[in-house]
2 protein chains.
Amino acid sequence: MPYNEFKRGELYSFITGMASTAVARRLQKNFKQAGIEITIEQWSVLYHLWKEDGLSQQELCSRSFRDKPSITRLVDNLEKLKLVKRVPSKEDRRINLVYLTEAARKLQEETLNMANQTLNEALEGVRNDDIEVCKAVLQKVYDNLTPIP
Amino acid sequence: MPYNEFKRGELYSFITGMASTAVARRLQKNFKQAGIEITIEQWSVLYHLWKEDGLSQQELCSRSFRDKPSITRLVDNLEKLKLVKRVPSKEDRRINLVYLTEAARKLQEETLNMANQTLNEALEGVRNDDIEVCKAVLQKVYDNLTPIP
DNA sequence: CGGAATTAGTTGCATAACTAACTATATGCC
DNA sequence: GGCATATAGTTAGTTATGCAACTAATTCCG
C-alpha cells in the first residue's frame with residue numbers, strides 16, 4: 001500500500017478538478033468578452049473536429065471522454081447554432097458523421113489562440129518539466145480507472 | 001513567452017479534467033455499489049463539514065470552489081436527505097450555519113475509506129514525488145486564474 | 001438464411017453548473 | 001438617524017452530465 005499516507009485533507013481538490021474548472025471558467029469568460037457565444041463544452045467538440053473533420057458521434061465520445069447522450073446533445077446544440085452538420089454515413093446507416101460548417105471554421109483560429117493564451121496565463125511560473133510530470137500523472141490516473149475494453 | 005511551445009493537441013484533456021472526472025465517476029460508482037445514495041457533489045459538501053461542522057454557506061462556497069447558487073441547491077438536497085440542517089446564525093441573521101446530522105456522521109468513516117481506496121487505485125504506480133509535483137502545478141494553475149479579492 | 005447479439009444513436013429523468021436578477025440583513029458614512 | 005453600499009442567501013433560466021431504457025442498423029454464427 002504505497003499511498004496509505006495520502007492525506008485526507010488534500011483529497012478534495014484533486015477529485016473536483018478545481019484547476020481544470022478554473023481554466024474552463026476563464027476560457028468561457030474570454031469567449032464571452034470576445035462576443036463568441038458558445039460554451040466550453042461545445043468548443044471542445046469543435047476542437048476535435050478541427051483536428052479531424054467528419055468524425056462519427058461515437059468517435060467524438062471516445063476522444064472527448066464523454067458518453068453518448070452528452071455528445072448527442074452537444075451536437076444537437078451545435079447544429080442549432082449552425083456550426084456542425086450531421087451527415088449519415090453511406091457505408092453504415094447507423095452512423096452520423098459530423099461535419100464543420102463554414103461558420104465553425106471561421107472560429108478556429110481566434111478561439112484556439114484564446115485557449116493557448118489562457119493556458120499560458122494558467123501556467124505562468126510553472127516549469128515545463130513539472131507540466132510534463134503533471135500531465136503524465138493525470139494520464140496515468142485516467143488509465144488506472146478506465147478499463148480497457 | 002515560455003509556453004509558446006505548449007502543444008495544442010494536448011489542450012483538451014487538461015481543460016476538461018478528464019482525470020478528476022474519472023476519479024469522481026469511480027467513487028460515485030463505489031458509493032452506489034455500497035448502497036450509499038448520495039452524489040459526489042453532495043459528498044464533497046459533507047467532506048468539508050466533517051473537517052469543520054457548522055460552516056456558513058458562504059464558507060462552503062469558498063472551500064469547495066463553488067458559487068452560491070450551487071451551494072444553495074446542494075444544501076437543499078442534503079437537507080431533503082436529512083444529512084444536514086440549516087441553523088440561522090444568532091449574530092448575523094443573514095447567515096445560515098450548516099450542521100451535520102447524526103445520519104451524516106455515520107457516513108463519514110465508510111465514505112472516507114472508500115475515497116482513500118479509490119485514490120489509491122487511481123494513483124497506483126505513480127511516484128509520491130510526482131504526485132506532489134502534480135498537486136503543486138494544479139494549485140498554481142488555480143491561483144494564477146483566481147484573483148485575490 | 002435467419003434469429004441473437006452487438007453497435008450507433010436518441011430520449012427521459014434527476015442532479016448540478018453558471019449567470020443574472022432578486023430579497024433581506026448589516027455596515028459605513030455624512 | 002438615514003441613505004448608500006456591501007454581504008448572505010434564494011430564485012429563474014439555460015446548458016451539461018450520468019444512468020437507464022429505448023430504436024434502428026449491422027454482424028455473428030448455427
Exercise for the section: Could you tell me the separation between the CD1 atom of B:Ile71 and the P atom of D:dT10, rounded to a whole number of Å? Expected result: 11 Å
Exercise for the section: Apply side-chain hydrogen bond (donor to acceptor under 3.5 Å, both in side chains) to the pair B:Gln139 and B:Asp143, showing each step before the final yes or no. Expected result: CA-CA 6 Å; B:Gln139 183 66 49; B:Asp143 294 342; 3.1 Å; yes
Exercise for the section: Decide whether B:Ser89 and B:Asp92 meet the rule of one side-chain donor and one side-chain acceptor closer than 3.5 Å. Expected result: no
Fill in the blank from the handout: Looking only at C:dA17, C:dG9, D:dG9, the nucleotide nearest the A:Thr72 side chain is C:dG9
Practice task
Kindly state which residues belonging to residues 73-81 of chain A come within less than 4.0 angstrom of DNA chain D, counting heavy atoms of the residue only, listed by number.
Solution key: A:Arg73, A:Leu74, A:Asn77
Practice task
Report the distance from atom CZ of B:Arg26 to atom P of D:dC19, rounded to the nearest whole Å.
Solution key: 12 Å
Handout entry: Of residues 84-96 of chain A, the positions that come close to DNA chain C - non-hydrogen atoms, cut-off under 4.0 Å
Key = A:Arg86, A:Arg94, A:Ile95, A:Asn96
Completion exercise
By nearest-heavy-atom nucleotide on DNA chain D, the more 5' of A:Lys68 and A:Gln42 is A:Gln42
Practice task
Look at the side chain of A:Thr39 and decide which nucleotide, out of D:dT15, D:dG9, C:dT15, has an atom nearest to it.
Solution key: D:dT15
Practice task
Look at B:Lys140 together with A:Asp130 and state whether they make a salt bridge at an N to O cut-off of under 4.0 Å.
Solution key: no
Practice task
Round to a whole Å and report the spacing from CD1 of A:Ile38 to C1' of D:dT15.
Solution key: 13 Å
Exercise for the section: Provide, to the nearest angstrom, the distance between the CE atom belonging to B:Met18 and the C1' atom belonging to D:dG18. Expected result: 19 Å
Problem - Heavy-atom check, side chain of B:Val98 versus side chain of B:Lys85, under 4.5 Å - result: no
Problem - B:Glu124 versus A:Asn144, side-chain donor and acceptor atoms under 3.5 Å - result: no
Practice task
Establish, from distance only, whether the side-chain atoms of B:Asn96 and B:Ser56 form a donor-acceptor pair under 3.5 Å.
Solution key: no
Exercise for the section: Return the 5'-most residue of the pair A:Ser56, A:Thr21 with respect to DNA chain C, ranking by each residue's nearest nucleotide. Expected result: A:Ser56
Problem - For atom CD1 of A:Ile40 and atom C1' of C:dA16, their distance in whole Å - result: 18 Å
Practice task
Taking only the side-chain nitrogens and oxygens of A:Arg66, find out if one of them lies under 4.0 Å from OP1 or OP2 of D:dA16.
Solution key: no
Practice task
Assess the side chains of B:Asn113 and B:Gln117: does a donor N or O sit below 3.5 Å from an acceptor N or O?
Solution key: no
Problem - salt_bridge(A:Glu79, A:Arg86) N-O dist < 4.0 Å - result: yes
Exercise for the section: State whether the number of non-hydrogen atoms from other residues, nucleotides or ligands found under 6.0 Å of B:Glu59 atom CD is greater than 12. Expected result: yes
Practice task
Look at the side chain of B:Pro69 and decide which nucleotide, out of D:dA16, D:dG18, D:dT10, has an atom nearest to it.
Solution key: D:dT10
